[in-house]
S.K.: 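Handing you a structure now.
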Amino acid sequence: MKAKEFMDDLRRRFPGEPEYLQAVEEVVASIEDVYNEYPDFERYNLLERLCIPDRIFSFRVSWVDDHGRVRNNMGYRIQHSNAIGPYKGGIRFHSSVNQSILKFLAFEQTFKNSLTTLAMGGAKGGSDFSPRGKSDMEVMRFCQAFIQELWRHIGPETDVPAGDIGVGGREVGYMFGMYKKMAREFTGTFTGKGREFGGSLVRPEATGYGNVYFLQNMLATRGIEIEGKRVAISGSGNVATYTADKLLKLGAKVVSLSDSDGTVVIPDGITREQLDFVFELKNIYRGRISEFAEKYGLPYYPGQRPWTLVKCDIAMPSATQNELNGDEARALIAGGTFAVSEGANMPSTPEAVREFINAKILYAPGKAANAGGVSVSGLEMSQNSQKLSWTAEEVDTRLRRIMADIHTQCTIYGTQPDGYINYVKGANVAGFMKVANAMMAQGVI
Ligand code: NDP
Ligand code: 2IT
């Protein structure tokens with residue numbers, strides 16, 4: 001297999017899917033050497049089968065808004081791979097959602113889930129519906145209409161959705177409710193459920209906490225403590241806020257948060273009281289980060305991202321894909337940033353990733369660093385199967401162990417002759433080998 005020819009062919013077949021091609025290209029470049037060591041992989045045309053999703057459902061979702069108007073959105077579910085377990089991955093509701101974005105996310109999810117050490121395949125779904133500005137009843141009606149179409153294709157041993165951008169506990173609750181009614185069963189289809197109906201403790205915190213645990217593992221390779229470090233975070237949703245929460249508990253300083261409208265800079269680091277306000281603002285009032293800036297008299301930069309606004313030791317992009325470009329990466333490195341750990345999926349552009357690796361800073365791609373969320377989803381599935389629920393301590397201990405295991409896998413496959421750990425290569429090769437071996441064993445299907 002030649003990576004360039006493979007990608008040229010994929011580009012010809014899937015034009016107009018830039019995010020999907022971007023995610024595949026990064027993985028193919030990392031695994032090219034190892035793939036070519038096993039001639040059987042090519043004989044079974046394994047890479048192509050692994051890069052093209054098993055199947056894609058797309059459908060119209062019609063619902064009625066509060067003014068009695070009929071609205072139509074697109075709904076999708078990409079079932080990418082079930083080589084090592086049932087399809088598993090979140091649902092995204094955002095106006096930008098299209099098939100390319102969900103295909104990249106489902107592809108990444110397959111490798112991420114492989115790294116978690118748990119039995120989960122890869123999937124992703126969503127809609128171009130935006131919950132922003134919608135009433136609770138509108139969100140409920142949309143979720144119900146979405147699931148009336150999707151319910152046939154999911155199930156506890158088939159495909160288990162969860163949250164992502166625009167989908168949190170509220171949306172999962174509404175979708176689970178309609179799923180349960182249509183399927184006439186109470187099962188663990190959906191993770192991130194409410195605690196009262198099968199949700200795992202620590203699932204809301206898991207992605208942010210897991211990212212900080214991964215970061216601690218990376219810092220330990222250079223003997224660096226997290227206490228006192230200045231950390232720039234983008235986003236102010238589930239991942240960003242729980243990342244900030246854990247960093248605060250560990251004595252680090254969170255110097256920025258953002259949303260799609262702008263960035264707030266917190267020069268002395270966010271306080272507990274301020275972070276509690278952000279949680280309330282985002283989860284209860286569904287407000288904007290500008291309101292937080294206004295309340296505490298903090299500098300706010302409309303339309304800007306954090307990376308050139310603050311000096312930080314560590315950057316943790318936690319909003320969306322391609323939110324940190326080459327220029328911003330160079331600005332971070334020039335400002336002394338020595339670690340980047342991705343809470344979001346594919347937040348750094350390919351040029352930014354090259355800058356980080358060339359500068360030999362600690363750089364963890366999302367599929368390794370943000371795997372804590374889906375890991376605790378996997379633990380939620382285990383608890384649901386056993387009809388038991390574990391304590392927060394038990395789940396947190398398992399989460400820490402899984403993040404340490406992922407870090408070890410990255411070091412095994414990613415350590416370069418000069419000792420530098422290329423976490424991109426490590427995560428891609430480790431994630432790939434497990435799925436590839438399972439696919440070989442199962443034949444051409
Ligand atoms: P939320 O919806 O809770 O928060 C998303 C945050 O990112 C909001 O602050 C939002 O701002 C901002 N954002 C979203 N889209 C854009 C955009 N196009 N440009 C700028 N800012 C944007 O989502 P999550 O916190 O759950 O997800 C954040 C990232 O983490 C995503 O990349 C997701 O795929 C990834 N992730 C999530 C996991 C989870 O368990 N939830 C697990 C692993 C990864 P605004 O409110 O203005 O839209
Ligand atoms: O990107 C992700 O890993 C998620 N949005 C979480 C998926 C899940 O199934 O918990």
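Both ligands and their constituent atoms are indexed starting at 1 by order of listing.
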S.K.: Below 4.0 Å from any atom of ligand 2, is there a heavy atom belonging to M120?
M.R.: no
S.K.: Distance-only criterion, 3.5 Å: show the donor-acceptor pairs between side-chain atoms of residues 176-185 and protein atoms not counting sequence neighbours.
M.R.:
from, atom 1, to, atom 2, distance (Å)
Y179, OH, E185, OE2, 3.1
E185, OE2, T187, OG1, 3.3

S.K.: For the 3.5 Å polar cut-off, considering only N or O atoms, please tell me whether G163 and ligand 2 meet it.
M.R.: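 Such a contact does occur with ligand 2.
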S.K.: Among the heavy atoms of E108, does any lie under 4.0 Å from an atom of ligand 2?
M.R.: no
S.K.: Examine N370 against ligand 2 and note whether any of their N/O atoms are separated by less than 3.5 Å.
M.R.: no
S.K.: Side chain, backbone, both or neither: which part of E323 has a heavy atom under 4.0 Å from ligand 1?
M.R.: neither
S.K.: If we only count N/O pairs under 3.5 Å, is R203 in contact with ligand 1?
M.R.: yes
S.K.: Are K193 and E380 within salt-bridge range, i.e. N to O under 4.0 Å?
M.R.: yes
S.K.: What part of N345, side chain from CB on, backbone N/CA/C/O, both or neither, has a heavy atom under 4.0 Å from ligand 2?
M.R.: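 For N345, only side-chain atoms sit under 4.0 Å from ligand 2.
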S.K.: Atom 25 (O) of ligand 1: which of T241, D261, V239, N345 has the nearest heavy atom?
M.R.: V239
S.K.: Go through the steps to decide whether F292 and I270 satisfy the test side-chain contact (heavy atoms from CB on, under 4.5 Å), and finish with yes or no.
M.R.: CA-CA 11 Å; F292 164 67; I270 200 165; 3.9 Å; yes
S.K.: Would you indicate which of R92, K88, R203 comes nearest to atom 6 (C) of ligand 2 when only heavy atoms are counted?
M.R.: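 Shortest heavy-atom distance from atom 6 (C) of ligand 2: R203.
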S.K.: Which residue from S377, A369, S260, G262 reaches closest to atom 48 (O) of ligand 1 through any of its heavy atoms?
M.R.: S260
S.K.: Considering S318, G166, A206 one by one, which has a heavy atom nearer to atom 2 (O) of ligand 1 than any of the others?
M.R.: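 It is G166 that holds the nearest heavy atom.
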S.K.: Counting non-hydrogen protein atoms only, what is the nearest one to atom 43 (C) of ligand 1? Give residue, atom name and distance.
M.R.: T207 CG2, 3.5 Å
S.K.: Would you mind finding which of G192, G163, S96, G343 brings a heavy atom closest to atom 30 (O) of ligand 1?
M.R.: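 The residue whose heavy atom sits nearest atom 30 (O) of ligand 1 is G343.
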S.K.: Applying a 4.0 Å heavy-atom criterion (strictly less than), which segment of E380 is in contact with ligand 2: side chain, backbone, both, or neither?
M.R.: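 The answer is neither.
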S.K.: Out of N238, N211, T320, whose heavy atom sits nearest atom 26 (O) of ligand 1?
M.R.: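 Shortest heavy-atom distance from atom 26 (O) of ligand 1: N238.
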